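One structure below.
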Amino acid sequence: MVHQGNRKRQEAEQAKIKIRAFIFDLDGVLTDTAEYHYRAWKRLADEERVPFTRNDNEKLRGISRRASLNLIFQERKLTEYKALELMDRKNGYYREYLNNITTGDLLPGVIELLGKLQARGCRLAMASASKNASTVIEQLNIASYFDAIADGNSVKKTKPAPDLFLYAANQLGLLPENCLVVEDAEAGIVAARVAGMVTIGIGPPERVGEADYVYPSVEAIELDDIQGIGC
Ligand code: B16
Ligand code: MG
């Protein structure tokens, strides 16, 4: 049994080491499933005669299936039965499109970055709001890089709540301050900051400007810019 005082000291030591793990979001960071989410929601919206544009799809970045449904169908009073049927139908279309995903769908620079971090001894995790995340990373053939997976099935409250990232840190056995999150969604940056983690935002400053570091793409990330990497 670890003495209480020793444990506190160990935790303080661990916190001083700073960044020991990188937690990657999936959609918009490792691959672009947003296009497939768009096509699936669009097919559903057309069938239900509800307006839905690519611009509307941007608002769904990083948020859960239920929150997406609520945004698209906000004008309609849906029974729970109907809501579940609509989400199931959309997910069926989405999973049809997922069959086409291959390693060719990895975003530029992803494999190089994962390899570099692994070679340095950094722990790696994936944290996605998607309940389909495991299928996607299997198809991308990158599952073996990750020491922990947190997805839409792991927690009740997804982004912008911090739960998904805290779950990933817990799976890694690390404190939040030892983790750096790479995210493309505003909701994801909010979640990671609330969790007390360092953040890299991928995309325009209007969207991810609250992050500690902002890059236009994963390929543009410069590890030498990041303060306090301890792996
Ligand atoms: P599913 P991320 C998110 O993935 C998507 O950005 C978001 O558009 C989607 O609604 C959400 O996953 C849930 O996906 O319907 O497959 O459970 O960016 O957190 O990797
Ligand atoms: Mg994302």
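The residues of the chain are indexed from 1 along the displayed sequence. This one's a predicted model, so the numbers in the text were calculated from it and none came from an experiment. Order of listing sets the numbers, starting from 1, for every ligand and every atom in it.
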Query raised in the report: Just distances here: any N/O of Ile63 and N/O of ligand 1 closer than 3.5 Å?
Result: yes
Query - Shortest-distance N, O or S atom of Asp27 relative to the Mg ion (ligand 2) - result: O
**Report entry** For ligand 1, the portion of Ser68 having any non-hydrogen atom under 4.0 Å away
**Finding:** side chain
Query raised in the report: Tell me: protein heavy atom nearest atom 18 (O) of ligand 1, and distance?
Result: Asp25 OD1, 3.0 Å
Query raised in the report: Among all protein non-hydrogen atoms, which one is nearest to atom 15 (O) of ligand 1, and what is the separation to 0.1 Å?
Result: Arg65 NE, 2.8 Å
Query raised in the report: Is it the side chain (CB and beyond), the backbone, both or neither of His37 that lies under 4.0 Å from ligand 1, heavy atoms counted?
Result: side chain
Requested in this report: Give a rough value, rounded to 10 degrees, for the angle at the Mg ion (ligand 2) between atoms OD1 of Asp184 and OD2 of Asp25.
Outcome: 80°
Requested in this report: Please could you name the atoms of ligand 1 that Leu60 approaches to less than 4.0 Å, counting only its heavy atoms?
Outcome: 7 (C), 8 (O)
Query raised in the report: Do other residues, nucleotides or ligands put more than 12 heavy atoms under 6.0 Å from the NZ atom of Lys42?
Result: yes
Query raised in the report: Only one of Val218, Leu30, Leu124 clears side chain to side chain contact (heavy atoms under 4.5 Å, CB included) with Leu113; which?
Result: Val218
**Report entry** Whether Gly28 lies under 4.0 Å from ligand 1, heavy atom
**Finding:** no
Query raised in the report: Side chains of Ile72 and Asp56: does their closest heavy-atom pair fall under 4.5 Å?
Result: no
Query raised in the report: Looking only at N/O atoms, are Lys131 and ligand 1 under 3.5 Å apart anywhere?
Result: yes
Query raised in the report: Around Glu210, counting heavy atoms of other residues, nucleotides and ligands shown, do more than 12 lie under 6.0 Å from its CD?
Result: no
**Report entry** Selection from Ser130, Gly152, Ala127 by shortest heavy-atom distance to atom 1 (P) of ligand 1
**Finding:** Ser130
Requested in this report: Can you sort out which atoms of ligand 1 are near Ser128, meaning under 4.0 Å from one of its heavy atoms?
Outcome: 2 (P), 4 (O), 19 (O), 20 (O)
Report task. Say whether Arg61, considering both its backbone and side-chain N or O atoms, lies within less than 3.5 Å of an N or O atom on ligand 1. Result -> no
Requested in this report: Keeping the roles fixed (side chain from Tyr213, backbone from Gln227), state whether a donor-acceptor pair exists under 3.5 Å.
Outcome: yes
**Report entry** Atom pair CZ/NZ of Phe22 and Lys116 - distance to nearest 0.5 Å
**Finding:** 10.5 Å
Query - Plane angle bin for Phe146 and Phe24 - parallel if under 30°, tilted between 30 and 60°, otherwise perpendicular - result: perpendicular
Query raised in the report: Nearest protein heavy-atom contact for atom 5 (C) of ligand 1: which residue, which atom, what distance?
Result: Asp27 OD2, 3.3 Å
Report task. Using a strict 4.0 Å threshold on nitrogen-to-oxygen distance, state whether Asp163 and Lys156 make a salt bridge. Result -> no
Query raised in the report: Taking 4.0 angstrom as the limit, do Glu58 and Arg54 come out as a salt bridge?
Result: no
Requested in this report: Please could you name the atoms of ligand 1 that Asn132 approaches to less than 4.0 Å, counting only its heavy atoms?
Outcome: 1 (P), 16 (O)
Query raised in the report: Is the number of heavy atoms from other residues, nucleotides or ligands under 6.0 Å of Asn141 CG greater than 12?
Result: no
Query - Within-cut-off N or O pair, Tyr94 and ligand 1, under 3.5 Å - result: no
Query raised in the report: Between Asn132 and Asn91, is any side-chain donor less than 3.5 angstrom from a side-chain acceptor?
Result: yes
**Report entry** Test of proximity, Lys159 against ligand 1: N or O pairs below 3.5 Å
**Finding:** yes
Query raised in the report: Numbering the atoms of ligand 1 from 1, which are under 4.0 Å from a heavy atom of Leu26?
Result: 20 (O)
